[in-house]
**Q** 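Handing you a structure now.
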Protein chains: 2
Amino acid sequence: MSPEHTQHTGETCPASKREILSRIGDKWSLEIVGNLWHGPKRFNELMRSIGGISQRMLTLTLRGLERDGLISRTILPTRPPRVDYELTEMGKTLIDPVHALVTWAINNEARIHACRAKFDAAENS
Amino acid sequence: MSPEHTQHTGETCPASKREILSRIGDKWSLEIVGNLWHGPKRFNELMRSIGGISQRMLTLTLRGLERDGLISRTILPTRPPRVDYELTEMGKTLIDPVHALVTWAINNEARIHACRAKFDAAENS
DNA sequence: CGGAATCCCCCCCGATACTG
DNA sequence: CAGTATCGGGGGGGATTCCG
C-alpha cells in the first residue's frame, strides 16, 4: 500500500488515468461529491439539492461511485425506508481536489462567458 | 473584476457551475490541459501524447477550450504550416486544480480497481 | 501539417410507468 | 421513499475522405 505520491510532473499515464478521471470527472459525480461533503444525505435529498438530475442518472451515478468505493450506501430499517449516502474515507480525500475545481469554476464563470461571447462574435463577422 | 474568492463551503450555485464543470470535466479537456501545462504544443504533438483521441475530437475540444479563453491558438507562417496551442493566463490557473485531481486519480487508481472487483464479486454471488 | 466535412453507429440519458 | 424496467431520441464520437 501507501502509493507514496507517484512523482508525476506531466505526460505519462496511458488509458487507466483517463478512465479514473472520466469516472469522477463526469457531469454528475462531481456534483454528488460536492453535495455530500457536509455529511450523509438521502436519495431525494440529493435529488432536490442537485436539481436537474433524473432519478435514473442519480441512481446510476450513485451505484458507480459506490462500486468505486467512494461513497457508502446505508439502508435504515425505518418506515418508510430510508437510505443514506455518505462519502467513504477514500471519498473524503476527493473533497479537496474537487472543491478546488468547483471554486475555480465559480470564480471563472463570468470570465468564461465573456470569452465565449467574444469568440462567437468574432467568427460570425 | 477580481472576484475575490467567492466564499463557498457547500451547496449553492445552480446550473451555471455545472455547465462550466462539464465543460472542463469532459473526457478530453482535462487531458489536454494536462498535456499543455509544460508549455505550447503542436496539433500532432498533442495527438501523440494524448493517445486514443481522434483527430475530430482533438479539433473540437481544442476549439471549445479556445472559445472559453483557456488556450490560445497561434499559427506560425512556416512551411509546412505549424500551429501552437498554449494555455492562456486563465488557462494556467486551471493547472493547480487539475493537477490535484490527476494526482488523486493516479494515487487511487489501484484502490478503486480493487473496490470495483470486490463490488462486482459481491453482486454476482 | 492541420484541419473541415460527411456518414453513421452506439449508448447516454430523459420520460414514463411500475414495485417493495 | 427509493428504487427497477422499458422504450426511444439525440448527440457524442470514430472512420474516412478531401482541402489549403
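All values reported here derive from a predicted model rather than from experimental measurement.
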**Q** How long is the straight-line distance from CG of A:L36 back to NZ of A:K92, given to the nearest 0.5 Å?
**A** 11.0 Å
**Q** Does any donor atom in the side chain of B:T74 or B:D84 lie under 3.5 Å from an acceptor atom in the other side chain?
**A** no
**Q** Using 4.0 Å as the upper bound for N to carboxylate O, is an ion pair formed by B:D120 and B:K118?
**A** no
**Q** In the 5'-to-3' direction, what one-character label does each nucleotide of nucleotides 2-18 of chain D receive under the scheme B = base within less than 4.0 Å of a protein heavy atom, S = sugar-phosphate only, - = no such atom?
**A** SBB-B------BBB-B-
**Q** How long is the gap from CG on B:D96 to CG on A:L101, to the nearest 0.5 Å?
**A**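 Interatomic distance, B:D96 CG to A:L101 CG, rounded to 0.5 Å: 11.5 Å.
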**Q** Mind listing the closest non-hydrogen atom pair of B:D26 and B:R23 along with its distance?
**A**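 It is OD1-O, 2.9 Å.
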**Q** For A:I75 and D:dC1, what is the distance between atoms CD1 and C1' respectively, to the nearest whole Å?
**A** 12 Å
**Q** For the pair made of CD1 in A:I50 and P in C:dC13, what is the distance, rounded to whole Å?
**A** 14 Å
**Q** Whole-Å distance between C:dC12 P and A:L58 CG?
**A** 17 Å
